[in-house]
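Side-chain atoms are counted along with the backbone in the values below, which use heavy atoms only and exclude waters and symmetry mates.
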Amino acid sequence: MRQLRLGVNIDHVATIRNARGGRHPDPVRAAQAAAKAGADGITAHLREDRRHISDDDILQLVNEIDLPLNLEMAATEEMLEIALRHSPHAACIVPEKREEQTTEGGLNVVGGHNHLAPFVRALQEADIRVSLFIEPDRESLDAAVALNAPVVELHTGAYCEADLEGDVLRRKTELTRLLDAAAYAEALGLECHAGHGLTFDTVGDVAAIPTIVELNIGHFLMGEAIFGGLESSIKRMRSLMDTARAEATDARSA
């Protein structure tokens, strides 16, 4: 059975801290709790407007946590300079609009090749694992290959929105898109991750996809932590992921 990693996004610990200022709650402490609860990596998105994670948070995370750090970043010269200075384990290039509440979709990797290519190349030359946050379609995957990116992260937002709206048909359609994209990524030689909006109710079907090797989950886990604690919410997510992957593997072997 192929291992399925869990990356925990700690952005919204910083969102709560920034609502009042000061140092509490501390994203580094959240990252340490995530490691204790079974996370395989930590994800943090340093946005242009610094609405949650700050430059100092990135410095502390690099220096004080043992887990690999995945820096989510826009393809800008400022963010590239920061990534090259701190040398995180990985950098996931994501689309970013100042007015959006959260990331609204995948990168335009098809139309944005000439803009993205220098960023992918510079990060790789610095031995930073590069991933591209994309829509789950073959055209985007082909474009990722053309950019020489070794990793893609499939945007699961549409699938999760369908579940939230109770649209069973759309959920099935979006899950099929994810299945097809993950299989195609493997055929192209890409390492495939997935994330955005995943919950206890939606993670199982995605975790069962055999060619996905990492899920990145944040906002939902931080929300659940209010009611049951951060370590508890991560442990439950980890258990749901592992169970779904094991059951899917057993079913394919039967």
Side-chain angles (χ1 to χ4, degrees), residues 1-9 39-41 43 70 72 90 92-95 102-110 129-147 149-221 236-254:
M1 181 176 69
R2 186 177 301 185
Q3 180 189 8
L4 179 61
R5 300 189 299 267
L6 171 61
V8 173
N9 186 312
D40 300 294
T43 293
N70 175 37
E72 290 186 340
C92 182
I93 302 177
V94 301
T102 185
T103 304
E104 295 175 348
L107 277 170
N108 177 15
V109 285
V110 178
R129 187 195 72 187
V130 182
S131 62
L132 302 176
F133 186 73
I134 64 171
E135 289 299 312
D137 60 63
R138 295 192 172 207
E139 188 178 27
S140 295
L141 288 159
D142 287 334
V145 171
L147 282 163
V151 183
V152 292
E153 181 170 338
L154 304 180
H155 179 227
T156 56
Y159 160 72
C160 293
E161 287 170 9
D163 178 79
L164 186 63
E165 295 167 0
D167 190 334
V168 177
L169 180 59
R170 183 178 172 221
R171 173 177 167 154
K172 183 178 179 180
T173 299
E174 293 298 337
L175 181 60
T176 299
R177 287 182 70 210
L178 290 167
L179 283 159
D180 178 75
Y184 190 58
E186 170 114 320
L188 293 173
L190 294 167
E191 181 175 312
C192 189
H193 303 176
H196 197 82
L198 292 169
T199 69
F200 292 151
D201 293 329
T202 55
V203 74
D205 285 341
V206 179
I209 299 173
T211 50
I212 290 177
V213 300
E214 181 175 306
L215 300 180
N216 284 293
I217 307 173
H219 182 267
F220 177 80
L221 290 173
R236 183 178 175 192
M237 186 66 78
R238 170 89 266 174
S239 177
L240 289 167
M241 288 168 52
D242 292 345
T243 298
R245 177 56 62 94
E247 290 178 349
T249 300
D250 289 345
R252 285 189 296 270
S253 299

Give, for atom [atom1] of [X] and atom [atom2] of [Y], the distance between the pair rounded to the nearest 0.5 Å.
| X | Y | atom1 | atom2 | answer |
| --- | --- | --- | --- | --- |
| S131 | L107 | OG | CG | 9.5 Å |
| C92 | R129 | SG | CZ | 8.5 Å |
| C160 | D201 | SG | CG | 10.0 Å |
| R177 | L175 | CZ | CG | 11.5 Å |
| L154 | N216 | CG | CG | 11.5 Å |

Given L215 and M241, is the side chain to side chain contact (heavy atoms under 4.5 Å, CB included) satisfied, shown in steps? CA-CA 9 Å; L215 300 180; M241 288 168 52; 4.0 Å; yes
Do N70 and T43 pair up side chain to side chain, a donor and an acceptor below 3.5 Å, judged on atom types alone?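 A donor-acceptor contact under 3.5 Å links the two side chains.
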What I'd like to find out is whether the side chain of [X] reaches to under 4.5 Å of the side chain of [Y], using heavy atoms alone.
| X | Y | result |
| --- | --- | --- |
| H155 | I134 | no |
| P210 | T249 | no |
| H193 | I212 | no |

With a 4.0 Å cut-off on N to O distance, would you call E191 and R5 a salt bridge?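 Here E191 pairs with R5 in a salt bridge, since their nearest N and O are under 4.0 Å apart.
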Taking only Lys NZ, Arg NE, NH1 and NH2, and the carboxylate oxygens of Asp or Glu, determine whether R238 and D40 approach each other closer than 4.0 Å.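 Yes, this pair counts.
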Option from [options] for which side-chain contact (heavy atoms from CB on, under 4.5 Å) with [X] holds:
| X | options | result |
| --- | --- | --- |
| N9 | E72, H219, H196 | E72 |
| V206 | L179, L4, L198 | L198 |
| L132 | L190, V94, I93, V151 | I93 |

Judged by atom type as modelled, is there a donor-acceptor pair below 3.5 Å linking the side chain of [X] to the main-chain atoms of [Y]?
| X | Y | answer |
| --- | --- | --- |
| T156 | G195 | yes |
| E135 | G106 | yes |
| T211 | E186 | no |

Can you spot which of T202, D205, T176 makes a side chain to side chain donor-acceptor pair (under 3.5 Å) with R171?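 That would be D205.
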From CA spacing to verdict: side chain to side chain donor-acceptor pair (under 3.5 Å), S140, D137: CA-CA 6 Å; S140 295; D137 60 63; 2.9 Å; yes
Quick one, R170 with D163, criterion salt bridge (charged side-chain N to carboxylate O under 4.0 Å, His left out). Give me CA distance, side-chain angles, the key distance, then yes/no. CA-CA 8 Å; R170 183 178 172 221; D163 178 79; over 6 Å; no
Excluding sequence neighbours, so at least two apart, what forms side-chain contact (heavy atoms from CB on, under 4.5 Å) with D142?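 For D142 the side-chain contact (heavy atoms from CB on, under 4.5 Å) partners, ignoring immediate neighbours, are Y184, L188.
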